[in-house]
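Below: one structure, written as C-alpha cells.
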Amino acid sequence: MPLNIVLFEPEIPNNTGNIGRLALASGSHLHLVKPFGFEIDDTRLKRAGLDYWQHLQITYYDNIDAFFSINKDKTMAFLSSHGSKNHWDIPFEDDMFLIFGKESVGLPKDLLNQYSENLFKIPLFSQHVRSLNLANAVSIVVYEGIKQIK
C-alpha cells in the first residue's frame, strides 16, 4: 500500500526531516529531488528525522528531469495552492506519487500548466493564510490517501 512522497528541491532541513519521519511512520517511500537548500547531513535534518533516517526507503534524484525520466509511467498527483480540486478528490491508489514543491515558491509553473488535470490543493478557510507548512501539508495528504486506500 505504500505511497510515494516526492519533494522537489526542498529548502528547509527541519521540514524534510519531519517528512522523512512521516514517510517511515506511514510506510511511504520518500523521493528527494535536488538541488536541496541544505546538505543532506545537516544536523537539523537529522534532529527532525531523529534516528529514523537510516530506516527510510529513500531515493535521490539529481534534478526534476531525472525524476520524470525514471518515473514517467507512474500515477502522480501534484499538490499546490494553485490547484482547483481538493486533496480529498485525489483518486488515491497504491504506489501513487504525491508531488510537492519547494517551500518558498511551490511547484514550477511549467509543471502546474503541464499537469493541471492532476493538480490538487488543501483547502484553506482563512483569507489570512497563503499556504501551509510543507511538513503539515504532506501529513494531511498522505493520511487522507491511507484512509481512502484502506
#### Entry: salt bridge (charged side-chain N to carboxylate O under 4.0 Å, His left out) involving E9 - partner list, sequence neighbours excluded
K102
### Task
Quick one: list whatever passes salt bridge (charged side-chain N to carboxylate O under 4.0 Å, His left out) with K109, sequence neighbours left out.
none
Look only at the side chain of [X] and the backbone of [Y], and say whether a donor-acceptor pair between them is shorter than 3.5 Å.
X	Y	result
N63	D65	yes
Q148	P91	no
K85	E117	yes
K150	K147	no
E144	H87	no

Work out which heavy atom in [X] is nearest to a heavy atom in [Y]; give both atom names and the distance.
X	Y	answer
I64	P108	CD1-CG, 4.0 Å
D95	F97	O-CD1, 3.5 Å
A77	M96	CB-CE, 4.2 Å
L56	A23	CD2-CB, 3.8 Å
G27	P2	O-CB, 3.2 Å
G83	L119	CA-CG, 3.7 Å

Distance (rounded to the nearest 0.5 Å) between [X] [atom1] and [Y] [atom2]:
X	Y	atom1	atom2	answer
S116	H82	OG	NE2	13.5 Å
L7	L134	CG	CG	5.5 Å
F120	S80	CZ	OG	12.0 Å
D62	S69	CG	OG	11.5 Å
L22	T16	CG	OG1	12.0 Å

If Ile, Leu, Val, Met, Phe, Trp and Tyr residues are connected whenever their side-chain heavy atoms lie under 4.5 Å apart, and connections chain through other members, are [X] and [Y] in the same group?
X	Y	answer
Y60	I12	no
L32	I70	no
I122	L112	no
I58	Y61	no
V105	V129	no

### Task
Let me see the working for L98 and F92 under side chain to side chain contact (heavy atoms under 4.5 Å, CB included), right down to the final yes or no.
CA-CA 9 Å; L98 304 171; F92 288 100; 3.9 Å; yes
### Query
Is there a side chain to side chain contact (heavy atoms under 4.5 Å, CB included) between I99 and N118 once you walk through the steps?
CA-CA 10 Å; I99 316 294; N118 296 327; over 6 Å; no
### Message
Before you tell me yes or no, could you show the steps for L3 and I149 under side chain to side chain contact (heavy atoms under 4.5 Å, CB included), namely the whole-Å CA-CA distance, both residues' side-chain angles and the distance that decides it to 0.1 Å?
### Response
CA-CA 10 Å; L3 293 168; I149 291 171; 3.8 Å; yes
Evaluate the side-chain proximity of [Y] to [X]: yes if any heavy-atom separation is below 4.5 Å, no if none is.
X	Y	value
I19	F100	no
P123	W88	yes
L79	I90	yes

#### Entry: From N14, N18, N15, residue fulfilling side-chain hydrogen bond (donor to acceptor under 3.5 Å, both in side chains) relative to N133
N15
### Message
Which label fits F67 and H31: parallel for a plane angle under 30°, tilted from 30 to 60°, or perpendicular past 60°?
### Response
perpendicular
### Query
After noting the C-alpha distance and the side-chain angles of N4 and K74, does the key distance pass the side chain to side chain contact (heavy atoms under 4.5 Å, CB included) rule?
CA-CA 10 Å; N4 293 278; K74 302 294 185 179; over 6 Å; no
### Task
Decide yes or no on ring-ring contact (aromatic ring centres under 6.0 Å, His included) for F68 and Y115, but give the supporting numbers first.
CA-CA 13 Å; F68 281 111; Y115 295 99; 5.7 Å; yes
